[in-house]
Amino acid sequence: MLSIRKLISSHNYTTMAAQTDTRSLQFVGKKRSDKGGDEDDHGSSVFIIPKKPHLSSANIAQEDPVLSLANARHEFGEHGGVNMSIEASATFTVMEPDTMRRLFAGELGPDRDFFIYSRHFNPTVLNLGRKMAALEGTDAAYCTASGMSAISSVLLQLVGGGGHVVASHSLYGGTHALLTHFLARACRIETTFVDVSDVGAVGEAMVEGRTKVLYFEAMSNPTLVVADVPELCRVAHEKGVVVVVDNTFAPMVLSPARLGADVVVHSISKYISGGADIIAGAVCGPASLVNSMMDMHHGALMLLGPTMNAKVAFELSERIPHLGLRMKEHCRRALEFAKRMKKLGLKVIYPGLEDHPQHGLLKSLGNLEYGFGGILCVDLETEERANRLMYHLQNATQFGLMAVSLGYYETLMSCSGSSTSSEMSNEEKALAGISPGLVRMSIGYTGTLEQRWAQFERALAKLHDESFMFHKN
């Protein structure tokens, strides 16, 4: 079996990416010496953590992400403020001329409080990276300007021109288009799409020595298929394939890296932001990979430049501490709505329902304190009926808003086939299980649950009344 660590360590860059730290508190703004040392006692270990022992699938999911976040280092402000300072500078000064040479040679870097340029590393963005690494249980993380920039940068770094990817056939439409069209045209990267629920078929699709990446979503968009992460990782690793998992739909609920995945990507714009006001992404994985992506000669992140603004990183760092509380309420309401919708005779897709094909799997893999996810789908069969229901839900009863994206405090609704999965052909959508009338609902938490449920019932009644009048005429 090929070593996964070797596959993702081809560029062992000497500066360290954003890693979680064993110390819980740290002041920033300490002036470092251009000779390479610090004036305090933190030294070069600021980003270094001890290696975790390998955990079995029986207990790996029990590591609470909130506990990991609480143990991550807290950054105080430059003058002792309880919140960290924002380092808004694009470029950074040095005290000695030779220091700049050493920076560009990779001899000095953020691990010793040396910075060059914010497209490379920025202290505020690095702090957010530490929190993302703690959330997902990885060595390191780097935050980007969007979720798609995180995904594309990882694939370009790991696969390269002419490479082969095996991917789930049920993916976010933008990711599907990236793999099907853009990477195939621009980089000659070939993708084989498979049903990741069939672990045997996944194994057969991977060719040892040729396939570089197995890519799937922990909980698929929009069909809510739950991936058997440990089994998929086992099959991939047997063939020396790196596993990349998109966990945008299930932060806190699932922890793919703790279940064996090598790399976890996020669109932070969704649940982690929670406000539908920020576009951002993240790559979480081994420090060797993240650092290779920042290499000045070969790094996809460094050379493509999907840089996160430090002010955005500050905003997001302030929201992560209450992500667990928000996810619990998103998931609590989604489960209750799904149960009630099913009782009304609607075709509901939600992993928290006992008749969901992967309900038992999610119970065995998930962090159950946070529920079964904040997304549910209702299949109205036709696009026309889906659109009419959403119209009434927004404009007649104010249950939610017709908008793409997810993780907002208000409920967001979209007909997936004609919106976020529209990049896929009809055949591809059918293969992924996306019907023309599939309505994806990202359940919010404003108002009371009973208030929102009454709004849903009134909108559904209006839809039924319209159907009755249509058939009567």
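We use all heavy atoms of the structure for the numbers below, so side chains are in, but hydrogens, waters and symmetry mates are not.
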>> If you apply the rule side chain to side chain contact (heavy atoms under 4.5 Å, CB included), what do you find for Asn247 with Phe249, and how did you get there?
In response: CA-CA 6 Å; Asn247 200 32; Phe249 264 42; over 6 Å; no

> Would you call Glu75 and Arg73 a salt bridge, taking side-chain N to carboxylate O under 4.0 Å as the test?
Replying inline: yes

>> Is the shortest side-chain heavy-atom distance between Leu254 and Val229 below 4.5 Å?
In response: no

> Between Ala287 and Ala140, which heavy-atom pair has the shortest distance, and what is it?
Replying inline: CA-CB, 3.7 Å

> How long is the gap from CG on Leu346 to SG on Cys377, to the nearest 0.5 Å?
Replying inline: 13.0 Å

> Looking at Leu69 and Lys131, what are the two nearest heavy atoms and their distance?
Replying inline: CD2-O, 3.3 Å

> Any chance the side chains of Ser267 and Thr248 put a donor and an acceptor closer than 3.5 Å?
Replying inline: no

> Taking the six-membered ring for Trp, is the centroid-to-centroid distance between His356 and Tyr350 below 6.0 Å?
Replying inline: no

> Which atom names give the shortest non-hydrogen contact between Pro256 and Glu136, and what distance separates them?
Replying inline: CD-OE1, 3.5 Å

>> Within the 4.5 Å heavy-atom criterion, are Leu401 and Met413 side-chain neighbours or not?
In response: no

> Parallel, tilted or perpendicular for Tyr445 and His330, by the 30°/60° rule?
Replying inline: perpendicular

> Counting only heavy atoms not in Glu318, do more than 12 fall under 6.0 Å of its CD?
Replying inline: yes

>> Using ring centroids (six-membered ring only for Trp), state whether Tyr271 and His266 fall under 6.0 Å.
In response: no

> Between His237 and Val241, is a side chain to side chain contact (heavy atoms under 4.5 Å, CB included) present by the stated rule, with each step listed?
Replying inline: CA-CA 5 Å; His237 291 164; Val241 175; over 6 Å; no

>> For Arg188, is the CZ atom crowded, meaning more than 12 foreign heavy atoms sit under 6.0 Å from it?
In response: no

>> Could you check whether Lys363 pairs with Glu354 (Lys NZ or Arg NE/NH1/NH2 to Asp/Glu carboxylate O, under 4.0 Å)?
In response: no

>> I'd like to check Leu178 versus Leu155 (side-chain heavy atoms, cut-off strictly below 4.5 Å). Are they in contact?
In response: yes

>> Could you tell me if the side chain of Glu87 sits less than 4.5 Å from the side chain of Phe314, heavy atoms only?
In response: no

> Going from CG on Leu128 to SG on Cys143, what distance comes out if it is rounded to the nearest 0.5 angstrom?
Replying inline: 3.5 Å

> Can you find a side-chain donor-acceptor pair between Arg452 and Thr446 that sits under 3.5 Å?
Replying inline: yes

> Using a distance-only test with no angle check, is there a side-chain donor-acceptor pair under 3.5 angstrom linking Asp64 and Tyr370?
Replying inline: yes

>> Please determine whether side chain to side chain contact (heavy atoms under 4.5 Å, CB included) holds for the pair Ile272 and Leu323, giving the CA-CA distance in whole Å, both sets of side-chain angles, and the decisive distance to 0.1 Å.
In response: CA-CA 6 Å; Ile272 294 170; Leu323 173 62; 3.9 Å; yes

> Got a second to check how far Leu438's CG is from Thr223's OG1, nearest 0.5 Å?
Replying inline: 8.0 Å

> Looking at residues at least two apart in the chain, or sitting in another chain, which of them share a side chain to side chain donor-acceptor pair (under 3.5 Å) with Thr211?
Replying inline: His164

> Hey, do the aromatic rings of Phe193 and His176 have their centres closer than 6.0 Å?
Replying inline: yes

> Hey, is the main chain of Ser170 close enough, under 3.5 Å, to the side chain of Ser168 for a donor-acceptor pair?
Replying inline: yes

>> Testing the basics here: between Gly203 and Val235, what is the closest heavy-atom pair and its distance to 0.1 Å?
In response: CA-CG1, 3.4 Å

>> Can you give me the closest heavy-atom contact between Ala310 and Asn122, atom names plus distance?
In response: CB-OD1, 3.7 Å

>> Return the CZ to OG1 distance between Arg185 and Thr180, rounded to the nearest 0.5 Å.
In response: 13.0 Å

> Looking only at side chains, do Thr175 and Asp246 share a donor and an acceptor under 3.5 Å apart?
Replying inline: no

>> Any heavy-atom pair between the side chains of Arg440 and Ile375 that's under 4.5 Å?
In response: yes

> Under 6.0 Å between the ring centres of Phe121 and Phe115?
Replying inline: no

>> With heavy-atom distances below 4.5 Å as the criterion, would you say the side chains of Tyr215 and Val265 are in contact?
In response: yes

> Is there a side-chain contact between Val242 and Leu214, using heavy atoms and a 4.5 Å cut-off?
Replying inline: no

> Does Glu217 reach the main-chain N or O of Asn221 with its side chain, forming a donor-acceptor pair under 3.5 Å?
Replying inline: yes

> Can you tell me if CD1 on Ile279 sees more than 12 non-hydrogen neighbours from other groups inside 6.0 Å?
Replying inline: no

>> Could you check whether any side-chain N or O of Asn367 sits under 3.5 Å from a backbone N or O of Glu369, counting only pairs where one atom can act as donor and the other as acceptor?
In response: no

> Is there a donor-acceptor contact under 3.5 Å from the side chain of Ser146 to the main chain of Gly281?
Replying inline: no

> Is there a donor-acceptor pair closer than 3.5 Å between any side-chain N or O of Ser273 and the backbone N or O of Lys270?
Replying inline: no

> How far does CG of Asp195 sit from CZ of Phe216, to the nearest 0.5 angstrom?
Replying inline: 12.5 Å

>> Rounded at 0.5 Å granularity, tell me how far OG in Ser288 sits from CG in Asp139.
In response: 7.5 Å

> Strictly by modelled atom types, are Gln157 and His298 linked by a side-chain donor-acceptor pair under 3.5 Å?
Replying inline: no

>> Can a side-chain donor-acceptor contact be found between Arg326 and His322 if the only test is distance below 3.5 angstrom?
In response: yes

> Taking C-beta and beyond as the side chain, do Met327 and Val253 meet within less than 4.5 Å on heavy atoms?
Replying inline: yes

> Does the Lys347 side chain pair with the main chain of Val378, one donor and one acceptor, at a distance under 3.5 Å?
Replying inline: no

> Should Glu315 and Arg319 count as an ion pair when the cut-off is N to O under 4.0 Å?
Replying inline: yes

> Where is the tightest heavy-atom contact between Ser68 and Ala134, given as atom of each residue plus distance?
Replying inline: CB-O, 3.2 Å

> Could you go step by step and tell me if Val244 and Leu158 meet the side chain to side chain contact (heavy atoms under 4.5 Å, CB included) rule?
Replying inline: CA-CA 10 Å; Val244 180; Leu158 291 176; 3.8 Å; yes

> Below 4.0 angstrom, N of the basic side chain to O of the carboxylate: do Glu336 and Arg332 qualify?
Replying inline: no

